[in-house]
Enquirer: 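Could you have a look at this structure, given as structure tokens, before my questions?
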Number of protein chains: 2
Amino acid sequence: MENVRELIQIMTRRFGFLNKNCCSAGGFDISLIQSHILYEIDRQHQPSIQQVAETLGTDITTFSRQIQSLIKMNLVKKTPDVTDRRIYILSLTTEGKFVAAAIDEQMKAYLNDIFSHMNEVERETVIRSIQLLNEAMGKSRLCCMPSQG
Amino acid sequence: MENVRELIQIMTRRFGFLNKNCCSAGGFDISLIQSHILYEIDRQHQPSIQQVAETLGTDITTFSRQIQSLIKMNLVKKTPDVTDRRIYILSLTTEGKFVAAAIDEQMKAYLNDIFSHMNEVERETVIRSIQLLNEAMGKSRLCCMPSQG
DNA sequence: GAAATTACTTGCATTTTACAACTAAATGAG
DNA sequence: CTCATTTAGTTGTAAAATGCAAGTAATTTC
């Protein structure tokens, strides 16, 4: 419990590098933030602009412009919500799905490579531990939320 | 092994938020990157500008300017190396040490809060797992290095 | 049906970023 | 020794990212 911060700092930094490397996957030149946006649009069910911005902890005005450039790149689509016309539903275009899939594949290859340096028991322990950590962070009132906790 | 990417994505994002919240600690208005720089200068033994830049995966020209602003804020000191006068050794000023300590305290409080939602066995398992993960990432040739792998 | 709220967009002005080109010091080859 | 090369670090842009303030338009509330 002494050097936990150091362990976590190093781990998150390395995963950061991992994400960074992934981004030019699929022949597209995608920034780190853009890959996160594609990932979240894909993961969430028909999210609004607001929802994704909050998930990523990005200021809504910044995020609005980020979406604009992804639309220009023809990776993301904005559809007005039927029941509330203030809201825009985000989705991936065919091209966007392709890029997201390419990044996902690349990430999975990296993760497989990392986990190949462990035995089966370790692997399961590590994955279970990450789940535990996520649950614990979810329970914490002090931290781990976008902007203040 | 199915949703590992998702687990890790969520975990790192949350730790990202955690770091972000920490930064205004000590009455100073410190950016996320600046707090990482302070942390690394503190952790490494008399690092050069080059060394810290590489650790953080930041372009050297960008990093040079980041150091300049930290020096202006009187948090960091630049000392010419005695044996090689091209090199500048970085260190924290008294104020810088104070800020770094304040952030560290805050981070530890957050981490304690997170781990308070686990029992002793889980806690040890999780910490051991992060160590395993770090070792595995260190061994991987494919990923987790600054700029390309 | 007017006031307040919500979702999103634009206008700046600031900050961040990185490539190219620079200085200065150290190393290395002949 | 000396001239070419490499290394550490700094600027000059110029482009991109950021966020506050202020705006529009749709919805909710009272």
Side-chain angles (χ1 to χ4, degrees), chain A residues 16-17 19-21 23-24 28-38 40-41 44-73 75-91 146-148, chain B residues 16-17 19-21 23-24 28-38 40-41 44-73 75-91 146-148:
Chain A
F17 290 144
N19 265 299
K20 237 181 202 168
N21 291 345
C23 294
S24 9
F28 278 77
D29 211 23
I30 300 288
S31 79
L32 180 59
I33 310 121
Q34 288 175 332
S35 92
H36 274 101
I37 296 173
L38 294 184
E40 278 307 319
I41 293 177
Q44 293 181 29
H45 181 63
Q46 304 259 318
S48 69
I49 293 181
Q50 196 75 231
Q51 280 170 333
V52 181
E54 218 203 304
T55 307
L56 297 174
T58 314
D59 182 276
I60 182 76
T61 70
T62 301
F63 190 74
S64 173
R65 276 182 260 252
Q66 284 168 346
I67 289 298
Q68 279 169 38
S69 45
L70 284 169
I71 289 172
K72 246 180 227 151
M73 292 164 83
L75 299 175
V76 167
K77 213 171 33 188
K78 220 175 69 177
T79 319
D81 188 293
V82 185
T83 63
D84 186 339
R85 276 183 303 169
R86 292 170 304 177
I87 297 174
Y88 285 91
I89 299 298
L90 297 175
S91 58
S147 71
Q148 304 295 57
Chain B
F17 290 144
N19 265 300
K20 237 181 202 170
N21 291 345
C23 294
S24 8
F28 277 77
D29 211 23
I30 301 288
S31 80
L32 180 60
I33 310 121
Q34 288 175 332
S35 92
H36 274 101
I37 296 172
L38 294 183
E40 277 308 319
I41 292 176
Q44 292 182 30
H45 182 64
Q46 305 259 319
S48 71
I49 292 182
Q50 196 75 230
Q51 278 170 334
V52 181
E54 218 203 306
T55 307
L56 297 174
T58 315
D59 182 276
I60 181 77
T61 69
T62 301
F63 191 74
S64 173
R65 276 182 259 252
Q66 285 169 345
I67 289 298
Q68 279 169 40
S69 44
L70 284 169
I71 289 173
K72 247 181 224 150
M73 293 165 83
L75 299 175
V76 166
K77 214 170 32 187
K78 221 175 68 176
T79 318
D81 188 294
V82 185
T83 61
D84 187 338
R85 276 182 305 168
R86 292 170 303 178
I87 296 174
Y88 286 90
I89 299 299
L90 296 174
S91 57
S147 71
Q148 304 295 54

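Throughout, protein chains are lettered first and strands after them, A, B, ... in sequence-line order, and every chain is numbered starting at 1.
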Enquirer: Nearest to the side chain of B:Asp84, which nucleotide is it out of C:dT17, C:dC19, C:dA26?
Expert: C:dA26
Enquirer: Which of the following nucleotides, D:dT10, D:dT18, C:dC8, is nearest to the side chain of B:Ile49?
Expert: D:dT10
Enquirer: Can you see if the side chain of A:Ser64 gets near the phosphate of C:dT9 - specifically, an N or O under 4.0 Å from OP1 or OP2?
Expert: yes
Enquirer: Is it the case that the side chains of A:Gln44 and A:Thr55 hold a donor-acceptor pair, with the cut-off being a distance below 3.5 Å and no angle test?
Expert: yes
Enquirer: From the list D:dT10, C:dT10, D:dA8, which nucleotide is the closest neighbour of the side chain of B:Arg86?
Expert: D:dA8
Enquirer: Calculate the interatomic distance between B:Tyr88 atom OH and C:dA24 atom P; express it in whole Å.
Expert: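 One finds 11 Å between P of C:dA24 and OH of B:Tyr88, rounded.
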Enquirer: May I have the distance from B:Ile87 (atom CD1) to C:dA25 (atom P), rounded to whole angstrom?
Expert: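 About 13 Å, once rounded to whole Å.
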Enquirer: Rounded to whole Å, how long is the line connecting atom CD1 of B:Ile60 with atom P of C:dT17?
Expert: 14 Å
Enquirer: On DNA chain D, nearest-nucleotide positions of A:Arg85 versus A:Thr62: which is more 5'?
Expert: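 Comparing both residues, the 5'-ward one is A:Thr62.
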Enquirer: Under 4.0 Å between a side-chain N/O of A:Gln50 and OP1 or OP2 of C:dC8, yes or no?
Expert: yes
Enquirer: What's the NE2-C1' distance between A:His36 and D:dA17, to the nearest Å?
Expert: 17 Å
Enquirer: Categorize B:Ser48 for me: base, sugar-phosphate, or nothing, with a 4.0 angstrom heavy-atom threshold over every strand shown.
Expert: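 Sugar-phosphate, backbone atoms only, no base.
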Enquirer: Is B:Gln68 near enough to D:dT11 that one of its side-chain N or O atoms lies under 4.0 angstrom from OP1 or OP2?
Expert: yes
Enquirer: In whole angstrom, give the distance that lies between atom CD of B:Gln34 and atom C1' of C:dT15.
Expert: 11 Å
Enquirer: C:dA18 phosphate, OP1 or OP2: any side-chain N/O from B:Thr61 under 4.0 angstrom?
Expert: no
Enquirer: Determine the contact category for A:Thr83: base if any of its heavy atoms lies under 4.0 Å from a base atom, sugar-phosphate if only primed atoms, P, OP1 or OP2 are that close, otherwise nothing.
Expert: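 It contacts sugar-phosphate atoms only.
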Enquirer: In Å and rounded to the nearest 0.5 Å, what is the CD1 to CD distance from B:Ile49 to B:Glu54?
Expert: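 Reported value, rounded in 0.5 Å steps: 14.0 Å.
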Enquirer: Can you check whether B:Ser48's main-chain N or O pairs, donor with acceptor, with B:Gln51's side chain at less than 3.5 Å?
Expert: yes
Enquirer: Shortest non-hydrogen contact from A:Phe63 to A:Leu90?
Expert: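 Looking at all heavy atoms of both residues, the closest pair is CE2-CD1, 4.2 Å.
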Enquirer: Is any side-chain nitrogen or oxygen of A:Gln66 closer than 4.0 Å to OP1 or OP2 of D:dT18?
Expert: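 Affirmative; the distance criterion is met.
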Enquirer: Expressed as a whole number of angstroms, how long is the span from A:Asp81:CG to D:dA25:P?
Expert: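 Nearest whole value for this atom pair: 19 Å.
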Enquirer: Work out which heavy atom in B:Asp29 is nearest to a heavy atom in B:Gln34; give both atom names and the distance.
Expert: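 Smallest heavy-atom distance, with atoms named: O-OE1, 4.2 Å.
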Enquirer: Over how many whole Å does the gap from A:Glu54 atom CD to C:dC8 atom C1' extend?
Expert: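 Roughly 15 Å, once rounded to whole Å.
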Enquirer: Expressed as a whole number of angstroms, how long is the span from B:Ile67:CD1 to C:dT16:C1'?
Expert: 15 Å
Enquirer: At under 4.0 Å, does any side-chain N or O of B:Lys78 touch on OP1 or OP2 of D:dA8?
Expert: no
